[in-house]
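The basis for the numbers below is simple: all heavy atoms, side chains too, and nothing from hydrogens, waters or symmetry mates. Position 1 is the first residue of the sequence, and the numbers go up from there.
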Amino acid sequence: MNLFYLEEVESTNKYAKENIKDLADKTVVYTSNQTAGRGRLERKWSYLGENNIYASIVLKPSKEMKEVYSNLTQYLCLILSETFEEYGVKPRIKWPNDIQINGKKISGILAEGCIASNSLEGLVLGFGVNLNCEEKLLKEINQPATALNIETGMEIDKEKFLKTLLDKFCLMYDRFIEEGFLLIKEDYIKRAGFLNKEVTVRVFDKTITGIAKDITDNGALKLVDKDENGHVLLIGDIL
């Protein structure tokens with residue numbers, strides 16, 4: 001991949017989207033100081049210091065939007081999980097694409113598409129990873145959060161983590177684009193921390209509560225509510 005480093009930027013996703021025409025396929029925009037990071041549902045992504053990862057991958061697989069592109073967040077989520085596992089921790093996926101360790105968030109993903117004149121200019125996969133943080137800063141976040149240094153008891157080499165992650169991402173990326181979510185379904189489900197549990201999912205402006213039963217071959221969540229109604233959710237966030 002092409003690495004494009006910025007000393008400081010509001011948001012790596014915002015920068016990538018604004019400069020999508022000038023950025024080559026498989027370019028990684030990353031920074032040590034992200035001043036206005038954001039996650040899904042316009043949530044703020046807190047800045048926790050320069051020794052953490054704030055990055056966006058620019059992808060240009062085709063000029064037209066394909067269904068498989070919506071699963072790239074789940075692909076990246078799995079790749080992140082596999083990278084964490086190399087440090088001896090046990091990550092769990094919170095559908096569709098957050099990663100937790102011991103019930104606390106350690107990484108999140110924000111995917112966005114850039115379309116102009118009915119043509120896909122590119123996809124931007126933004127991700128943040130808490131690698132080296134002080135506990136007092138994590139406690140200021142409005143949800144339980146952790147960092148890899150806290151979970152392992154050692155300082156994490158940011159560049160090494162990022163290189164390992166990107167190498168893993170490239171290894172199966174082309175095959176994933178061809179085969180879709182089914183390629184990773186088994187490995188994704190192995191790391192799912194929400195299946196067979198009661199969850200509440202936000203879908204746009206409404207919420208649905210029920211038992212998370214399964215993940216379909218295209219990455220959707222199967223949920224059964226208290227009235228035994230089945231729901232197949234292609235989009236949403238487990239709260």
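The environment of CD in Glu8 is crowded: more than 12 heavy-atom neighbours from other residues, nucleotides or ligands sit within 6.0 Å. Crowding of Glu179 atom CD: a count of heavy atoms from other residues, nucleotides or ligands under 6.0 Å exceeding 12. Counted within 6.0 Å of CG on Asn118, heavy atoms from surrounding residues, nucleotides or ligands total 12 or fewer; the atom is thus considered open. Around CD of Glu67, the count of heavy atoms belonging to other residues, nucleotides or ligands within 6.0 Å does not exceed 12.
Inter-residue side-chain proximity for Asn52 and Phe161 is flagged as unmet; no heavy-atom pair is nearer than 4.5 Å. Inter-residue side-chain proximity for Phe169 and Leu125 is flagged as met; some heavy-atom pair is nearer than 4.5 Å. Within the 4.5 Å cutoff, side-chain heavy atoms of Leu138 are placed close to those of Ile150.
Sequence neighbours left out, the pairs with a member in residues 164-173 that pass side-chain hydrogen bond (donor to acceptor under 3.5 Å, both in side chains) are Glu86-Lys168, Lys163-Asp167. Applying the salt bridge (charged side-chain N to carboxylate O under 4.0 Å, His left out) definition to pairs two or more places apart or across chains, none involves residues 147-161. Among residues at least two apart or in separate chains, salt bridge (charged side-chain N to carboxylate O under 4.0 Å, His left out) pairs with a member in residues 118-127 are Lys21-Glu121. Here ring pair (Phe, Tyr, Trp, His ring centres under 6.0 Å) pairs that include residues 214-239, with residues two or more places apart or in two chains, number zero.
With Asp98 as the fixed residue, the salt bridge (charged side-chain N to carboxylate O under 4.0 Å, His left out) test singles out one of Arg92, Lys105, Lys104: Lys105.
One hydrophobic cluster holds both Ile235 and Ile115 under the rule that ILVMFWY side chains link at heavy-atom gaps under 4.5 Å. By the rule that hydrophobic residues join a cluster once side-chain heavy atoms approach within less than 4.5 Å of another member, Leu72 and Val29 end up as members of separate clusters. A chain of hydrophobic side-chain contacts below 4.5 Å, direct or via other Ile, Leu, Val, Met, Phe, Trp or Tyr residues, connects Ile99 to Ile215.
A pairwise comparison of heavy atoms in Glu140 and Lys136 identifies CG-O, 3.5 Å as the closest pair. Closest approach of Tyr30 and Leu3 over heavy atoms only: CE2-CB, 3.9 Å. Considering every non-hydrogen atom in both Phe194 and Leu221, the closest pair reads CE1-CD1, 3.8 Å. Here the closest heavy-atom approach between residue Pro96 and residue Gln74 is recorded as O-CG, 3.5 Å. When all heavy atoms of Val89 and Phe84 are compared, the closest pair comes out as CG2-O, 3.2 Å. Closest of all the heavy-atom pairs between Val68 and Gly180 is CG2-CA, 3.5 Å.
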For residues 55-62, dump all side-chain donor-acceptor pairs below 3.5 Å to protein atoms at least two apart in sequence or in another chain.
from: Ser56; atom 1: OG; to: Thr12; atom 2: OG1; distance (Å): 2.7
from: Ser56; atom 1: OG; to: Asn13; atom 2: N; distance (Å): 3.1
from: Ser56; atom 1: OG; to: Asn13; atom 2: OD1; distance (Å): 2.5
from: Lys60; atom 1: NZ; to: Ile20; atom 2: O; distance (Å): 2.7
from: Lys60; atom 1: NZ; to: Leu23; atom 2: O; distance (Å): 2.6
from: Ser62; atom 1: OG; to: Glu64; atom 2: N; distance (Å): 3.4
from: Ser62; atom 1: OG; to: Glu64; atom 2: O; distance (Å): 2.7
from: Ser62; atom 1: OG; to: Tyr69; atom 2: OH; distance (Å): 2.6

Show which side-chain atoms of residues 204-214 pair as donor or acceptor with protein atoms under 3.5 Å away, not counting sequence neighbours.
from: Thr209; atom 1: OG1; to: Thr200; atom 2: OG1; distance (Å): 2.8

- Check the pair Asp187, Arg191 against side-chain contact (heavy atoms from CB on, under 4.5 Å), reporting the backbone distance first and the verdict last. CA-CA 7 Å; Asp187 290 327; Arg191 295 163 176 82; 3.6 Å; yes
- Determine, stepwise, if the pair Leu234 / Asn218 fulfils side-chain contact (heavy atoms from CB on, under 4.5 Å). CA-CA 8 Å; Leu234 286 167; Asn218 64 345; 3.6 Å; yes
- Task: Run the numbers on Leu80 and Leu165 for side-chain contact (heavy atoms from CB on, under 4.5 Å), then give the verdict.
- Result: CA-CA 6 Å; Leu80 278 161; Leu165 170 69; 3.8 Å; yes
- Message: As a quick check of understanding, evaluate side-chain contact (heavy atoms from CB on, under 4.5 Å) for Tyr15 and Val124, giving each step before the final call.
- Response: CA-CA 10 Å; Tyr15 181 92; Val124 179; over 6 Å; no
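No side-chain donor from either of Ser81 and Tyr188 sits under 3.5 Å from a side-chain acceptor of the other.
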